[in-house]
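Here the structure is laid out as structure tokens; the discussion comes afterwards.
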Amino acid sequence: KAMTLEELQPLFGEYGTVKEVFLIRDKASGQPRGCCFVTFSKKAEADAAIAGLHNVKTIPPLTNPMQVKYADGEMERLEHKLFVGMIPKSATEEDVRKVFEPYGVIE
């Protein structure tokens, strides 16, 4: 089952303004790896997304909950960038971008 905008839209937008979404792809095949980075405009928004989603929300057809945490090194750089794992591999970068565009400029 493909991840739809309706399934993703409430996930991050309710926690704050999303500045950027970057879908991670396999270097060899170009296929999505089932994870992305989401950057919020404020630390409090990123903290709220972690508290509300990490090990809590599961996106079908997956059976394990999403992993939402600060990206390695981001706390020191204060960019409010989160690593998001356990999203369906069928999602494209464009699908993810469309979900977050209503909440702010995506760079």
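With sequence neighbours left out, Thr63 forms a side chain to side chain donor-acceptor pair (under 3.5 Å) with no residue at all.
Taking the side chain as every heavy atom from C-beta outward, Val56 and Pro65 never approach each other to under 4.5 Å. Using a 4.5 Å heavy-atom cutoff, the side chains of Val68 and Phe83 are not in contact. Side-chain contact between Lys42 and Thr17: absent, with no pair of heavy atoms (C-beta onward) separated by less than 4.5 Å.
A distance of 10.0 Å separates NZ in Lys69 from CG in Asn55, rounded to the nearest 0.5 Å. Of the inter-residue distances, the one linking Met66 atom CE with Cys35 atom SG reads 11.0 Å to the nearest 0.5 angstrom.
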Worked check of side-chain contact (heavy atoms from CB on, under 4.5 Å) between Tyr15 and Leu53: CA-CA 10 Å; Tyr15 297 103; Leu53 298 172; 3.8 Å; yes
side-chain contact (heavy atoms from CB on, under 4.5 Å) between Gln67 and His54, worked out: CA-CA 5 Å; Gln67 301 297 299; His54 180 70; 3.2 Å; yes
Val38/Lys81 under side-chain contact (heavy atoms from CB on, under 4.5 Å): CA gap, chis, key distance, verdict: CA-CA 6 Å; Val38 176; Lys81 183 183 282 187; over 6 Å; no
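Residues Phe37 and Ala71 come closest through the heavy atom pair CE2-CB, 3.6 Å. Residues Arg33 and Asp26 share a closest heavy-atom pair of CG-N, 3.3 Å.
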